[in-house]
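In what follows, a single structure is set out as structure tokens and then discussed.
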Amino acid sequence: MGARDVERAKETGEGKDKVSDPILICNNLSKTFGERTAVDDVSFQIQEGEAYGLLGPNGAGKTTTISMICGLMRKDKGEVVVAGQTIDERSTKSKSGIGYVPQEVALYPDLSGAENLKFWGKLYGLPSEVLKKRVSEVLELVGLTDRSAERVSKYSGGMKRRLNIAAGLLHEPRLLVLDEPTVGVDPQSRNAILENIEKLNAEGMAVLYTSHYMEEVERLCDRVGIIDEGKLIAEGTRRELVEQIGQTDRIEVAAEGDLNKLAKAAKRLKDVEDASVSDTGVQMLAHEGRNMLPKILEMSEKAGVRVSGVEVIEPDLEAVFLHLTGKALRD
């Protein structure tokens with residue numbers, strides 16, 4: 001599957017097995033601290049095999065929402081159900097469906113990588129033989145098998161992050177929750193972490209992901225929820241979010257010939273909002289730009305214009321986020 005096929009699958013949901021019951025159901029989650037409302041009536045769902053990105057500026061309520069989902073914080077109002085089990089801060093057994101990877105690395109530096117995993121596996125209640133097998137499997141998944149006997153204090157930041165993810169996977173959860181898992185890591189480790197998440201997601205694991213890196217969310221997530229000041233203010237695929245705010249694609253046609261004639265013809269097309277002559281050809285603003293390409297090439301030929309290249313520039317999540325919140329993600 002090529003890059004365009006992957007993008008199309010994310011937009012349309014192709015390639016994902018649809019199930020009747022979501023892995024995660026959040027209904028009307030709310031949390032206040034004194035007079036401040038941190039999370040205000042937040043609701044969303046995640047299906048099996050779906051990656052869901054939760055985006056918001058600092059202080060928007062992301063970590064508080066995740067903490068309530070994982071049963072680490074008491075809810076003032078609302079309900080969380082994971083794999084059919086109701087979650088709250090008192091539940092133990094029902095939390096087994098969740099693998100939580102927090103922002104802060106939760107490892108013991110004086111223990112080796114393998115010893116850390118054995119410790120966490122025993123807390124999960126895994127039998128010895130099962131634990132031995134799972135430690136080997138998750139170490140291989142995150143690429144740390146050959147470093148498993150070393151103390152974590154000798155690990156790089158990226159290796160610690162990868163081991164942190166491995167710890168969250170030991171008990172084979174149905175939902176993997178990752179809160180800023182690539183903060184402070186080098187590009188190589190960051191790519192390895194993203195590849196691990198993509199593989200798990202492709203194998204059917206549901207993923208809830210937060211990040212300050214918009215490109216990570218665009219790469220990984222099928223749908224995105226944007227949270228600001230405690231409220232979920234928008235939700236959908238990247239394309240759906242772009243359409244909600246009325247953003248259009250920019251089509252840049254590199255061409256020679258009667259460019260004014262081509263621009264005038266393009267303006268008559270239903271889905272083209274504007275067209276103008278640029279230094280290198282014609283620039284258009286259109287809805288569903290990729291679908292317009294056959295018509296544009298046909299018009300160019302009729303106008304006697306020689307086209308040497310066409311580029312469709314689609315609005316990204318950064319533009320959507322800025323429009324909806326009035327803030328950059330990393331403000």
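Counting only heavy atoms from C-beta outward, the side chains of Val152 and Leu111 never approach each other to under 4.5 Å. At a threshold of 4.5 Å between non-hydrogen side-chain atoms, the residues Ile296 and Met284 count as touching.
Nearest heavy atoms, Thr210 versus Pro181: O-CD, 3.6 Å.
Paired with Arg223 under the rule side-chain hydrogen bond (donor to acceptor under 3.5 Å, both in side chains), one option of Glu240, Gln47, Glu50 passes, and it is Glu50.
Under the rule for a side chain to side chain donor-acceptor pair (under 3.5 Å), the partners of Ser112 that lie at least two apart in sequence or sit in another chain are Glu115. Applying the side chain to side chain donor-acceptor pair (under 3.5 Å) rule to Glu252 yields the partners Arg250; only residues at least two apart in sequence or on another chain are considered. Contacts of Phe44 classified as ring pair (Phe, Tyr, Trp, His ring centres under 6.0 Å), with partners at least two apart in sequence or in another chain: Tyr52. Remark: Glu150 pairs with Arg147 by the salt bridge (Lys or Arg N to Asp or Glu O under 4.0 Å) rule, at least two apart or across chains. Legend: residues meeting side chain to side chain donor-acceptor pair (under 3.5 Å) with Arg306, ordered by chain and number and at least two apart, are Glu256. Qualifying side chain to side chain donor-acceptor pair (under 3.5 Å) partners for Glu298, counting only residues two or more places apart in sequence or in other chains: Lys302. Partners of Thr145 by side-chain contact (heavy atoms from CB on, under 4.5 Å), not counting sequence neighbours, listed by chain and number: Leu139, Glu140.
Salt bridge status for Glu215 with Arg190: present, with a side-chain N to carboxylate O gap under 4.0 Å. Of the charged side-chain nitrogens involved, at least one lies within less than 4.0 Å of a carboxylate oxygen, so that Lys133 and Glu137 count as a salt-bridged pair. Between Lys77 and Asp40 there is no salt bridge, since none of the side-chain N atoms of the basic residue sits less than 4.0 Å from a carboxylate O of the acidic one.
In terms of modelled atom types and a separation under 3.5 Å, the side chain of Thr280 and the main chain of Ala254 share no donor-acceptor contact.
Ser276 and Gln283 share no donor-acceptor pair across their side chains, judged by distance under 3.5 Å alone. For the residue pair Thr63 and Asp179, a side-chain donor N or O sits within less than 3.5 Å of a side-chain acceptor on the partner.
Screening residues 53-100 for ring-ring contact (aromatic ring centres under 6.0 Å, His included) gives no qualifying pairs among residues at least two apart or on separate chains. Here ring-ring contact (aromatic ring centres under 6.0 Å, His included) pairs that include residues 152-182, with residues two or more places apart or in two chains, are Tyr124-His171.
If you chain together ILVMFWY residues whose side-chain heavy atoms come under 4.5 Å of each other, Val81 ends up grouped with Ile25. Cluster partners of Leu285, using a side-chain heavy-atom cutoff of under 4.5 Å among ILVMFWY residues and allowing indirect links: none.
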Hey, can you pull the donor-acceptor pairs under 3.5 Å for the side chains in residues 30-37, sequence neighbours left out?
| from | atom 1 | to | atom 2 | distance (Å) |
| --- | --- | --- | --- | --- |
| Ser30 | OG | Asp41 | N | 3.0 |
| Lys31 | NZ | Arg74 | O | 3.0 |
| Thr32 | OG1 | Asp76 | OD2 | 3.0 |

